[in-house]
Protein chains: 2
Amino acid sequence: MLKSDFVAEISPEQDGKEVTVAGWVHTIRDLGGKKFILLRDRSGLGQIVIDKSNTKAFELSKDLTQESVILVKGIVKADKRAPNGVEIHANELEILSKAKAPLPLDVSGKVNADLDTRLRERLLDLRRLEMEAVIKIQSEAIRAFREYLYSQKFVEIFTPKIIATATEGGAQLFPVIYFGKEAFLAQSPQLYKELLAGTIERVFEVAPAWRAEESDTPYHLSEFLSADIEVAFADYNDIMNIVENTLDFMVNKVRNNCQKELKILNHTLPEIKKPIRRITYSEAIEILQSAGVNIKFGDDIGTPEQRILHQKLNEDLYFIIDWPSTARPFYTRRKSNNPELSESFDLIYRWVEIASGSSRNYKREVLEEELKSRGLNIASFEFFLKWFDYGMPPHAGVGIGVQRLMMLFTGLQNVKEISLFPRDKKRLVP
Amino acid sequence: MLKSDFVAEISPEQDGKEVTVAGWVHTIRDLGGKKFILLRDRSGLGQIVIDKSNTKAFELSKDLTQESVILVKGIVKADKRAPNGVEIHANELEILSKAKAPLPLDVSGKVNADLDTRLRERLLDLRRLEMEAVIKIQSEAIRAFREYLYSQKFVEIFTPKIIATATEGGAQLFPVIYFGKEAFLAQSPQLYKELLAGTIERVFEVAPAWRAEESDTPYHLSEFLSADIEVAFADYNDIMNIVENTLDFMVNKVRNNCQKELKILNHTLPEIKKPIRRITYSEAIEILQSAGVNIKFGDDIGTPEQRILHQKLNEDLYFIIDWPSTARPFYTRRKSNNPELSESFDLIYRWVEIASGSSRNYKREVLEEELKSRGLNIASFEFFLKWFDYGMPPHAGVGIGVQRLMMLFTGLQNVKEISLFPRDKKRLVP
């Protein structure tokens with residue numbers, strides 16, 4: 001490795017020691033006989049001092065530009081006034097890669113650029129401390145998601161992403177030309193995770209999924225990350241419990257392990273209540289009607305209505321359960337005591353649906369009936385239906401939109417900021 | 001949850017306790033006054049006894065077929081002759097889902113079906129104890145892959161899978177119709193992981209990747225899992241060290257946590273030598289020439305040649321390093337002391353390449369030169385090249401074919417067996 005130390009991890013106890021650091025020139029201050037370079041690497045920021053007496057390094061430093069990549073060998077000097085309480089007094093300086101000036105996006109300051117500019121100049125945008133914090137928080141949160149599920153005897157699965165049949169009808173699918181035949185990109189691992197729950201009972205997956213979203217909103221991506229859970233011998237109440245416990249575990253892990261990143265984002269993580277408040281769809285409709293919204297049983301509850309519910313309920317996180325059966329996909333199980341309603345839930349964060357789950361149908365004749373009533377072609381689902389002849393257990397599950405969930409973890413307001421290289425109707429590069 | 005216990009985890013110490021188990025009927029033996037059901041769930045197998053005196057359950061059990069899903073409440077009875085030393089004497093039996101007979105594939109016995117049949121009847125195939133073991137070992141191995149990298153300050157990234165430009169030229173890409181425009185499925189996260197190493201230095205990803213493979217071999221899939229690592233301020237030797245340490249960590253974790261699964265597969269994990277043997281490409285060519293192979297500098301070393309090397313070297317795992325520069329992709333860095341050769345490696349398991357890595361070019365003019373010499377269009381790589389104007393550090397990385405690596409972990413000989421629902425030229429369902 002070219003470097004042996006991370007700049008923000010060097011402590012005053014290392015006073016007098018030699019270190020080798022490398023990273024990006026965050027800012028440069030010129031004090032005549034001294035140059036102060038704020039160096040940035042994955043650990044954060046640290047101060048480098050180049051003295052005039054070190055002729056070679058000082059000469060080289062005259063050429064330095066912001067975001068240039070440098071390698072510095074130097075001696076640690078404890079200094080209370082410096083960031084982290086230390087400065088590195090450079091003995092050797094090497095410019096590994098010199099950046100052009102001016103930069104198309106400022107990395108070191110408060111960002112004033114609009115989202116379009118930021119996404120166009122995305123690599124520089126991702127080098128901002130705020131976005132590095134988002135990347136690290138996401139990594140930690142997903143790590144915690146998996147860790148909790150491993151601890152509950154879940155197994156990670158990898159389902160196919162090129163599929164022959166639309167999961168929930170043919171809308172919003174991206175076609176793929178597959179050896180001359182038409183195929184599609186999976187909208188979700190739904191049917192495959194159900195089948196695998198019919199093998200090893202408790203499965204999860206975190207993987208890309210695609211929807212050809214025409215709408216340009218802060219909550220939609222064409223390519224998103226889906227965190228999926230499916231459990232045999234479970235129903236939707238069990239799944240809501242698992243979601244609560246998983247979220248709680250994730251929040252605690254991120255709170256403990258990403259203190260610095262949360263501070264950079266100036267974000268406080270919410271407490272996850274156990275249980276998270278659960279209201280029925282019918283109750284939600286009543287609340288909305290009382291608030292003067294023109295809505296009736298059977299209508300969708302979208303972001304505008306969820307804004308009102310958020311206000312009325314005074315809850316940042318809540319489940320809406322027991323949705324009308326006809327409003328949910330064919331694999332959703334109806335409530336046995338009231339088949340107009342289904343054993344289903346959406347998890348809402350403020351006014352954004354971040355997860356959707358249900359008990360699933362596990363009897364072939366019921367699945368066929370539900371497909372038929374939705375005008376879907378039973379024959380094209382035979383690859384799925386077939387297995388219900390050979391012992392499929394009752395099962396239930398949930399799909400979580402990861403970038404939406406990351407709004408809760410980062411405080412960001414737009415999933416396009418959270419996706420590293422977002423894809424939408426107008427964005428295919430970078 | 002419908003069940004409270006996993007059948008293979010019930011121990012003789014629970015003698016006399018009531019348990020509720022559920023799972024699949026693996027086998028049924030009829031002893032006149034008693035029925036013995038071997039029940040299978042995610043934990044393995046356990047024995048249920050239904051006595052004639054329990055009239056209701058006994059009547060129901062007459063209808064039982066293999067792979068039917070049942071729920072059993074019963075009393076644990078320690079019995080040394082039974083599997084795991086216990087039997088469950090059923091008080092209540094419920095058939096949750098009755099399987100049709102006969103099954104299109106036998107789940108309980110040694111499989112005699114050919115691979116085509118197994119992949120067609122895949123859900124039943126995946127219920128065989130051997131395939132459940134494969135799924136669990138893969139989950140554990142990938143968990144260990146990530147855990148090792150987290151411990152080394154790596155961050156998990158999620159790169160876009162729909163891309164505008166071919167990574168290494170246009171061959172073998174699947175076209176996607178993206179809002180009326182042509183786009184492609186990513187062959188690898190190569191260029192994006194390089195950019196992200198230019199942000200937070202140490203990144204990894206485990207995600208699907210696609211190649212339109214025309215060839216039908218035991219080592220190729222159209223959709224495969226790629227485990228990718230990219231590190232700033234590192235070269236190919238650093239990456240080989242990381243690969244060794246990661247593999248060693250994975251092997252130890254799987255050995256400790258999947259003893260039962262390895263036994264089912266009758267597979268012994270290899271020891272990972274540190275260092276893993278490294279031979280140069282030139283040495284490999286010499287060995288092959290001495291063995292009478294008609295090969296010269298610049299030729300590819302494929303599976304037939306690797307079979308000979310495996311024999312001559314007497315190594316199950318070895319690196320071939322320093323490949324001819326022209327044989328590697330444009331982003332591969334040349335050796336400074338011999339530009340005909342590159343700072344590159346392949347990791348070979350027996351006679352299959354399981355990983356490929358290199359030091360990367362990080363100077364724009366070098367990248368442009370390499371693109372040009374390969375007849376690639378510089379303009380279409382501008383989304384990537386642009387960032388090399390703004391401070392890209394020296395970096396290096398590796399891509400690992402997960403299903404190929406799983407051959408080492410499971411002893412299976414064909415990646416189509418390892419992929420849960422493999423995709424190849426003739427397979428798009430199930």
Side-chain angles (χ1 to χ4, degrees), chain A residues 1-3 22 24 41-42 67-69 96-97 99-100 103 123-124 126-127 132 135-136 139 142-143 150 155-158 160-162 164 174-179 183 192 195 198-202 208 223 225 233-234 238 362 383 387 389-394 420-421 423 425 428-430, chain B residues 1-3 22 24 41-42 67-69 96-97 99-100 103 123-124 126-127 132 135-136 139 142-143 150 155-158 160-162 164 174-179 183 192 195 198-202 208 223 225 233-234 238 362 383 387 389-394 420-421 423 425 428-430:
Chain A
M1 301 289 289
L2 275 173
K3 63 194 273 188
W24 291 260
D41 71 12
R42 78 169 301 292
E67 291 309 304
S68 288
V69 179
L96 297 174
S97 174
K100 269 191 194 171
L103 297 168
L123 194 68
L124 291 173
L126 291 176
R127 285 190 193 154
E132 289 196 353
I135 297 173
K136 286 178 194 167
S139 177
I142 291 178
R143 177 184 183 182
Y150 291 134
V155 172
E156 183 171 11
I157 54 168
F158 302 91
K161 302 306 167 199
I162 301 185
F174 287 116
V176 180
I177 300 159
Y178 191 77
F179 297 112
Y192 288 95
L195 295 180
T199 305
I200 36 172
E201 301 189 39
R202 298 186 181 186
E223 180 174 273
L225 263 186
F233 306 109
D238 300 315
Y362 63 100
F383 79 97
W387 307 109
D389 288 337
Y390 300 113
M392 276 297 285
L420 301 188
F421 296 97
R423 294 290 179 260
K425 200 173 175 183
L428 189 52
V429 280
Chain B
M1 302 287 293
L2 273 173
K3 62 194 273 187
W24 292 261
D41 70 13
R42 80 168 300 293
E67 292 309 305
S68 288
V69 179
L96 297 173
S97 174
K100 269 192 193 172
L103 298 168
L123 194 69
L124 291 173
L126 291 176
R127 285 189 192 155
E132 288 196 353
I135 297 172
K136 286 179 192 166
S139 177
I142 291 177
R143 177 184 184 182
Y150 291 134
V155 171
E156 183 170 11
I157 54 169
F158 301 92
K161 301 308 167 200
I162 299 185
F174 286 115
V176 180
I177 300 160
Y178 191 76
F179 296 112
Y192 289 96
L195 295 179
T199 306
I200 35 170
E201 303 188 40
R202 300 187 179 185
E223 180 175 272
L225 262 187
F233 307 107
D238 299 317
Y362 63 101
F383 80 96
W387 306 109
D389 289 337
Y390 300 114
M392 276 296 285
L420 302 187
F421 295 97
R423 294 291 179 257
K425 200 171 174 184
L428 190 52
V429 279

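In this text the structure is predicted, and so the values were computed from the model without any measurement. So that the names make sense, note that chain A is the first sequence line, chain B the second, and so on, each numbered from 1.
Using a 4.5 Å cut-off between heavy atoms, A:Pro393 contacts chain B through both its backbone and its side chain. For A:Pro160, the parts sitting under 4.5 Å from any heavy atom of chain B are the backbone and the side chain alike. If you measure heavy-atom distances from B:Glu223 to chain A, the contacts under 4.5 Å come from the side chain alone. Heavy atoms closer than 4.5 Å to chain A are found in the side chain of B:Leu225, but not in its backbone.
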| task | Report the C-alpha distance between A:Tyr390 and B:Leu123 in whole Å, list the side-chain angles of each, state the deciding distance to 0.1 Å, and finish with yes or no for side chain to side chain contact (heavy atoms under 4.5 Å, CB included). | result | CA-CA 9 Å; A:Tyr390 300 113; B:Leu123 194 69; over 6 Å; no

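Here the straight-line distance linking atom CG of B:Leu420 with atom CD1 of A:Ile200 works out to 7.5 Å at 0.5 Å rounding. With values rounded to the nearest 0.5 angstrom, B:Ile135 atom CD1 is found 6.0 Å from A:Thr199 atom OG1.
For A:Phe158 and B:Phe421, the ring centers sit 6.0 Å or farther from each other.
Between A:Lys425 and B:Phe179 the shortest heavy-atom distance is CA-CE1, 3.4 Å. Heavy atoms only, all atoms of each residue included: B:Glu201 and A:Arg42 are closest at OE2-N, 2.7 Å. Of all non-hydrogen atoms in B:Gly391 and A:Ala99, the two that sit nearest each other are N-CB, 3.9 Å. Annotation for A:Pro430 and B:Tyr192: closest pair C-OH, 3.1 Å, computed over non-hydrogen atoms. Across A:Phe174 and B:Ile162, no two heavy atoms sit closer than the pair CD1-CD1, 4.3 Å. The nearest pair of heavy atoms linking B:Gly198 to A:Arg127 is O-NE, 2.8 Å.
Listed options B:Ser97, B:Ala234, B:Ala183 were ranked by heavy-atom pairs under 4.5 angstrom with chain A; first place goes to B:Ser97. Counting heavy-atom pairs under 4.5 Å between each of B:Met392, B:Glu67, B:Arg423 and chain A puts B:Arg423 at the top. Per-residue counts of heavy-atom pairs under 4.5 Å with chain B were compared for A:Asp389, A:Asp41, A:Val176, A:Leu96; the largest is that of A:Asp389. Between chain B and the residues A:Tyr362, A:Trp387, A:Phe383, the most heavy-atom pairs under 4.5 angstrom are made by A:Trp387.
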